[in-house]
Every structure is written in C-alpha cells, then in structure tokens.
Amino acid sequence: MLQWYKAEKRDLPWRKERDPYKIWVSEIMLQQTRVDTVIPYFERFIDQFPTIEALAAAEEDKVLKAWEGLGYYSRVRNLQAAAREVHERYGGKVPNTLKEISSLKGVGPYTSGAILSIAYGVPEPAVDGNVMRVLSRILSIWEDIAKPSSRKVFEEAVRQLISTEDPSSFNQALMELGALICTPSSPSCLLCPVREHCSAFHEGTINELPVKTKKKTMRHVHLAAAVVKTEKEEVIIQKRPPEGLLANLWEFPNTELSGMGNPRVELELFLKREYGLDVQLEAEPFAKIQHVFSHLTWDIDVYEGTVSSAIPKKENSRVVKTEEVEEYAFSVSHQKIWKKAKGR
DNA sequence: AAGACGGGGAG
DNA sequence: CTCCCAGTCTT
C-alpha cells in the first residue's frame, strides 16, 4: 500500500510542505468536503492568512468571507479561535501532543490523528469515512460505521497495522486508497494494491461492506425574504446570530412563515416590527428559491420593495451600497437571492 | 445515541 | 432523488 501511495498519490497543495498550520487548515476544510472542492479555497485561504498569526489577527468577517460557500461555518470560526489559542498559549506553534491538540476547538479524534501523523510523524490513527470503508472491506468488519462507537474498532485496527516508520504516509495511503480505488460504489478492485489481502474481495462481499444505516428526517421551512432598496442604490442586509445555522453570515431580511395568511403581509409586518420600516413590497415575489441543507430545506419567497431612505434601526443590520454587497459573506441561498435581484 | 451543522458532485 | 464526502459539537 505504501509503495502504491508513493507512486500514485495526488499532487495536492497541502502536500507541498510540512507546515503544521497548513496541514491543519487542510484537514478542517476537508471535513465532510471533497478534495476538488477544497483545493481553490485552500489556495486562497493560505494566500490571505499565510500563518497562524495572520489568521489570529484577522477580522472574523474576512475569515468568513474566505470560507463563503464551503459550508459548516463553525469550522472556520472554531479554527480562528483555536489559532488564537495556539498563538497565545503555545507561542504560535501547533502542539504535538494528543492531549493538547485535541483540546483545540474543532479538532476531534480524526483531525488530531491526522495532524499528529502527517505534520509530526506520530503513529496515531486518523479514522475518517474512507478509512472505515477500506478497513471494513479488507478486514471484513461488519460494525455499522454510522454508529459513533464503531470508530474505536477501526482505530484499534489501525494501531495494529500502522507503520511506525512512516505514519504520515500510512494514514494518507489508507485515505487515498478510499478516494481513488476503494470507492463507495463500484470500487476498482482490479487496480487495488492490497487486493490479495482483502477479505471482502475474496469473499465477494465488496458490495455489502461497509455496513451503514441511514438516517433522515428532512424538515421543511417556508420563509419570505425582502430585498429592500433605497433610492440611493443601497440595500438592507442583516447579520445572523452568533450561534446555530449559518452563524454570523449576512443575509437579506427574512422571516419564517406561519403557513397561514399572505406571505407578503407577514414580511411587511416583520419589517415594521424589526426595522420600524413601512415598506410597500411588490405584490408578488420576483423569485422563489429552494435551498437544501443536510437536515432541512428552505423554501424562500423573495419580494422586492423600495424605501426613500433607511435608517438601520436594527443593531445587527446595515444599509450597504449595492456594489458592495458582495464584500460580505452570504450563505449560498442568499447569494442566489442577490443574483436574481441584480438581474432585474 | 441522535441531531445539528452546508454544499456540491455523482449515479 | 439519494448518497456521501479527509467530522465535530451539543443534547
């Protein structure tokens, strides 16, 4: 496997050097996110925040803007908080012990193992979805990988197998194998360097492994949003709360609909109550946007309205020039809204 | 143990 | 439309 890895490993930006900070950033970005998606974000992020000090000193709004569209935004808020912690408590050097590194915000069991092994050569397991899939097949492990408790089983397997010579390559090879060969569906067993050692291949159970139960309960939320323009080429935006979904991102004023009554009227009431604004919205929404999250769906009716002048009454809101809207970090759903609004 | 937390690519 | 991705935190 190591021989295969050396020959076939992808040429990825975070593999160009051993800077623990860059390894760290890449691992956070790669959580639940594909390599191809991460690459351009990683390049831009490192350009903008080349060191722990740069990240620690940055404004959160700039950091969120650099993360805009990547999703799971608590990752980057935790990353910056942790960077500040490393700067203050560890003199700007990413700690190299399991205890210390695990205590950093946003660094769980996978990421600690990944950073320790890749950046510091410590033989610690880094068990992600790839590793569980690959090892469940090779070793014929029938634990349900959706259960949190299963991770320990795979960590134990890795401890028995890991190369003490090159833990970094070992962990990355396992993941690379999962990404390139041992894929979730139709794996390329004929190209697999460890085919002869693979129980599932020999037993014909490749398509049964890994065992993974599925969950799901998709909530639907109906919203109405307002693009409120002034007569001076401005528009009203607001900042989301510091906790929860899309925390601290910017968006257009919006309210959850009761399901009864007229959405436009409910939205006008919201603008009156929250902003003290008397806005006459257009009768019909100019766009209807559907946005699917992992755990819920938003259906947004988008209305437009104009006010003569807006004094931002709401403390988390701003009136910004239309050409400056894109300097703010928006969730993708509200980027869709702005895209539609601009094209009118 | 289960749910919250984004977004996009693949089949 | 479903699955799932180099997961972590909260409840």
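Reminder, nothing fancy here: chain letters follow the sequence lines and each chain counts from 1. Worth saying up front: this structure is predicted, and the values here are computed from it rather than measured.
With P as the reference atom, B:dG6 and C:dT11 are 15 Å apart, rounded to whole Å. Taking atom C1' in both C:dC4 and B:dC5, one finds a spacing of 15 Å when rounded to whole Å. With both ends at atom C1', the span from B:dA1 to C:dC5 equals 22 Å, rounded to whole Å. B:dA4 and C:dA6: their P atoms are spaced 24 Å apart (whole Å).
At whole-Å resolution of the value, NE2 in A:His334 and C1' in B:dG7 are 15 Å apart. Atom pair A:Trp298:CH2 and B:dA4:C1' shows a separation of 13 Å (rounding to whole Å applied). When rounded to the nearest whole Å, the span between CG of A:Leu245 and P of B:dG3 equals 17 Å. Counting to the nearest Å, the C1' atom of B:dG8 and the CD atom of A:Gln31 are 17 Å from each other. Straight-line distance from the CD1 atom of A:Ile289 to the P atom of B:dG6: 18 Å, rounded to whole Å. At whole-Å resolution of the value, NZ in A:Lys147 and C1' in B:dG3 are 15 Å apart. Summarising the geometry, the separation between CD on A:Gln32 and P on B:dG9 is reported as 16 Å, rounded to the nearest angstrom.
Between the side chain of A:Ser331 and the base of B:dG7, no donor-acceptor pair of N or O atoms lies under 3.5 Å. Judged by atom type and distance alone, A:Ser185 does not reach the base of B:dG11 through any side-chain donor-acceptor pair under 3.5 Å.
Judged by closest nucleotide on DNA chain B, A:Pro148 is the one of A:Ala247 and A:Pro148 placed further toward the 5' end.
Both A:Phe170 and A:Ile181 are assigned to one and the same hydrophobic cluster, defined by single-linkage of ILVMFWY side chains at heavy-atom distances under 4.5 Å.
In this structure, the side-chain contact (heavy atoms from CB on, under 4.5 Å) partners of A:Arg151, at least two apart in sequence or on a different chain, are A:Pro109, A:Val127, A:Glu155.
Side-chain atoms of A:Arg137 do not come within 3.5 Å of backbone N or O of A:Phe201 as any donor-acceptor pair.
Here the two rings, on A:Phe330 and A:Trp338, have centers that are 6.0 Å apart or farther.
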Review point. Would A:His334 and A:Trp250 count as a side-chain contact (heavy atoms from CB on, under 4.5 Å) if you check the C-alpha gap in whole Å, the side-chain angles of each, and the deciding distance to 0.1 Å?
Key: CA-CA 8 Å; A:His334 283 254; A:Trp250 293 86; over 6 Å; no

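Note on A:His291: a side-chain N or O is less than 4.0 Å away from OP1 or OP2 of B:dG7. Applying the 4.0 Å criterion to OP1 and OP2 of B:dA4, one finds that A:His295 has every side-chain N and O outside that range.
A:Arg264 and A:Leu281 get closest at one heavy-atom pair: CD-O, 3.8 Å.
Taking a heavy-atom distance under 4.0 Å as the criterion, the stretch of DNA chain C touched by chain A extends 5' to 3' from C:dC3 to C:dC9.
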